[in-house]
Enquirer: 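Before I ask anything, let me first share the structure, which is written out below as structure tokens.
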Protein chains: 2
Amino acid sequence: MASSTEENYLKILFNLTHEKGEVNISELSSQLGVSMPTVNSMIKNLQKSDLVHYEKYKPVTLSEKGKKTAALIVRKHRLTEMFLVNKMGFGWEEVHQIAEQVEHIHAPKFFERMDEMLGFPTVDPHGSPIPDKHGRMQELHYKNLSQVKPGNQVILVALADSSSDFLEFLNSRKLKLGMELKILSKETYDQSMIVSYENQQSETLSEKVCEKLLVRSVE
Amino acid sequence: MASSTEENYLKILFNLTHEKGEVNISELSSQLGVSMPTVNSMIKNLQKSDLVHYEKYKPVTLSEKGKKTAALIVRKHRLTEMFLVNKMGFGWEEVHQIAEQVEHIHAPKFFERMDEMLGFPTVDPHGSPIPDKHGRMQELHYKNLSQVKPGNQVILVALADSSSDFLEFLNSRKLKLGMELKILSKETYDQSMIVSYENQQSETLSEKVCEKLLVRSVE
DNA sequence: AATATTTGTTAGATAGATCTAACTTTGTAC
DNA sequence: GTACAAAGTTAGATCTATCTAACAAATATT
Ligand SMILES: [Mn+2]
Ligand SMILES: [Mn+2]
Ligand SMILES: [Mn+2]
Ligand SMILES: [Mn+2]
């Protein structure tokens with residue numbers, strides 16, 4: 001069985017693969033906060049357990065076994081976040097650090113029970129998909145709000161950044177998933193947008209923020 | 001901060017202190033499933049952090065700091081067991097192994113929230129007291145059922161053994177905490193007792209079982 | 001009291017996860 | 001196409017948690 005340390009490597013490998021396609025040693029090093037030699041030796045280790053494919057000086061890729069293992073950890077992480085928000089009353093900005101620890105618990109029934117109590121959710125509180133119990137995750141490709149043309153109306157469905165800083169920013173602007181947003185205008189100089197939501201307030205959102213808001217069109 | 005390993009040593013030290021008064025290296029060794037030299041070196045380690053008092057060839061005792069640290073881990077363990085039973089629908093025989101892992105999570109709000117949701121319970125699903133958030137635990141000294149005289153009526157309030165084997169045995173006899181029991185008779189040869197509960201069935205319980213059932217008198 | 005058993009300690013080894021320093025390979029810029 | 005910078009590797013050290021083998025102290029048995 002993989003140690004917590006190994007599990008953290010696999011999970012970051014899994015997330016970086018989906019975000020950027022390729023994963024190299026220096027990226028892992030900075031994401032994990034450990035030195036490159038440490039990553040190098042751990043990767044050799046994971047290779048011995050057939051969890052990754054690796055050749056000297058080439059990017060690291062997860063094996064099928066590694067992908068499934070990683071997906072099941074991500075599943076535990078996201079189910080935990082959902083449970084903390086929906087069943088225990090935490091804010092979406094508070095749950096990541098707790099889930100980071102709970103994801104390493106080995107107790108299948110514990111997570112099955114969470115899943116049941118939550119009604120088998122398919123996304124976490126930040127809109128990220130929850131892999132199923134076989135480790136299959138649907139790839140959701142949403143638009144950035146920054147790519148939407150003025151006059152259009154969309155629904156906020158997920159976030160490309162779940163850092164607590166960003167989540168607190170969204171709290172301060174009363175932005176929540178599921179909200180309908182209408183793009184009133186876009187400033188050509190800095191790409192900032194004026195957005196109104198649900199007939200109430202309207203806010204100016206910088207390009208940086210709009211790039212992190214993932215939306216789908218109102219059908 | 002103490003590692004999970006150190007936390008497990010402290011917790012067992014805490015429990016053994018309450019059960020037997022003294023704690024020696026070989027007892028720790030067998031309870032933890034590690035060799036005596038391993039315990040010896042870990043105890044020196046805990047001593048360096050002022051968590052235990054220790055002199056060569058003498059029993060180990062927790063320092064005040066160690067007692068409080070241990071009590072707070074026991075608190076997390078027992079709150080978790082209570083949460084799993086009362087809020088997640090687990091049986092009392094299923095929760096110990098999960099709590100053994102969850103107790104090492106560092107997230108005060110997580111356990112405070114459990115506590116609130118449970119209505120600030122004072123005992124766990126096996127009747128063991130839950131230390132308060134300052135690490136103070138009330139010492140409950142109940143009678144053994146085996147010490148009760150025939151004809152008397154008592155309430156089952158706690159267990160001196162929470163192993164899943166024993167809990168499954170209790171399940172099979174439909175014994176639950178809070179039940180009123182009446183001692184019908186006691187066999188002088190083997191100290192077994194015939195006990196009736198709540199007017200329904202009556203069961204013969206061996207001495208071994210009666211010693212593990214903690215009761216208080218019906219007032 | 002002498003001996004045997006149990007309990008505890010010391011020494012030395014190993015495995016996992018990490019580091020720094022030094023070196024090598026790969027990729028980029030001129 | 002040489003030279004520089006960035007990325008990656010190797011070697012060697014450290015710290016934690018564990019083990020076994022050998023020895024020592026405390027306790028129990030006869
Ligand atoms: Mn998260
Ligand atoms: Mn983690
Ligand atoms: Mn327990
Ligand atoms: Mn534990």
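Every chain is numbered from 1 and lettered A, B, ... according to where its sequence line falls, protein lines coming before strand lines. Any value given below was found using the heavy atoms of this structure, including those in side chains, with hydrogens, waters and symmetry copies removed. None of these values were measured; they are calculated from a predicted model.
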Enquirer: For a quick test of reading the model: is some side-chain N or O of B/Lys58 closer than 4.0 Å to OP1 or OP2 of D/dA26?
Expert: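 So the side-chain polar atoms of B/Lys58 never come under 4.0 Å of the phosphate oxygens OP1 or OP2 of D/dA26.
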Enquirer: What is the distance, to the nearest angstrom, from the CG atom on B/Leu28 to the P atom on C/dG8?
Expert: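 In whole Å, C/dG8 P and B/Leu28 CG are 9 Å from each other.
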Enquirer: Nearest whole angstrom, please: distance from the C1' of D/dC15 to the NZ of B/Lys48.
Expert: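 Interatomic distance, NZ of B/Lys48 to C1' of D/dC15: 11 Å.
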Enquirer: Does either side chain, that of A/Asp165 or that of A/Ser163, offer a donor lying less than 3.5 Å from an acceptor on the other one?
Expert: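 Not at all, the side chains of A/Asp165 and A/Ser163 share no donor-acceptor pair under 3.5 Å.
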Enquirer: Indicate whether the side chain of A/His104 and that of A/Asn8 have a donor and an acceptor atom separated by less than 3.5 Å.
Expert: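 Short answer, yes.
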Enquirer: Could you tell me how far apart B/Ile25 (CD1) and C/dT7 (C1') are, to the nearest whole angstrom?
Expert: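 Result: 9 Å.
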Enquirer: Would you mind reading off the distance between A/Asn40 atom CG and D/dA7 atom C1', rounded to a whole angstrom?
Expert: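 These atoms are roughly 11 Å apart.
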Enquirer: Could you verify whether a donor N or O on one side chain and an acceptor N or O on the other, from A/His126 and A/His96, lie under 3.5 Å apart?
Expert: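 Distance-only check fails for A/His126 and A/His96.
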Enquirer: For A/Asn24 and C/dT25, what is the distance between atoms CG and P respectively, to the nearest whole Å?
Expert: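 Result: 19 Å.
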Enquirer: Are there over 12 heavy-atom neighbours, none belonging to A/Glu22, within less than 6.0 Å of that residue's CD?
Expert: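 No - once you tally the heavy atoms of other residues, nucleotides and ligands closer than 6.0 Å, there are 12 at most.
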Enquirer: Ignoring backbone atoms, establish whether A/Lys56 has a side-chain N or O less than 4.0 Å from OP1 or OP2 of C/dT26.
Expert: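 No, no such contact exists.
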Enquirer: Whole angstrom is fine here: how far is it from CE in B/Met36 over to P in D/dT18?
Expert: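 Interatomic distance, CE of B/Met36 to P of D/dT18: 16 Å.
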Enquirer: Going by atom types only, do B/Asn171 and B/Trp92 share a side-chain donor-acceptor pair under 3.5 Å?
Expert: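 On atom types as modelled, these side chains qualify, holding a pair under 3.5 Å.
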Enquirer: Decide yes or no on side-chain hydrogen bond (donor to acceptor under 3.5 Å, both in side chains) for B/Ser35 and B/Thr38, but give the supporting numbers first.
Expert: CA-CA 5 Å; B/Ser35 70; B/Thr38 301; 2.9 Å; yes
Enquirer: Without decimals, in angstroms, what is the distance between B/Glu22 CD and D/dT27 C1'?
Expert: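 Roughly 14 Å, once rounded to whole Å.
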Enquirer: Could I get a table of every N or O pair under 3.5 Å where one atom is in the protein and the other is in nucleotides 15-18 of chain C?
Expert:
residue : atom : partner : partner atom : Å
C/dA17  : OP1  : A/Ser3  : OG           : 2.6
C/dT18  : OP2  : A/Tyr9  : OH           : 3.4

Enquirer: Describe, in one word, how the ring planes of B/Phe90 and A/Phe110 are oriented to each other, choosing from parallel (under 30°), tilted (30 to 60°) and perpendicular (over 60°).
Expert: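 Tilted.
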Enquirer: Rounded to whole Å, how long is the line connecting atom OH of A/Tyr57 with atom P of C/dG27?
Expert: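 Interatomic distance, OH of A/Tyr57 to P of C/dG27: 11 Å.
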Enquirer: Indicate, with a heavy-atom threshold strictly under 4.0 Å, whether A/Lys44 touches base, sugar-phosphate, or nothing.
Expert: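 Sugar-phosphate, no base atom in range.
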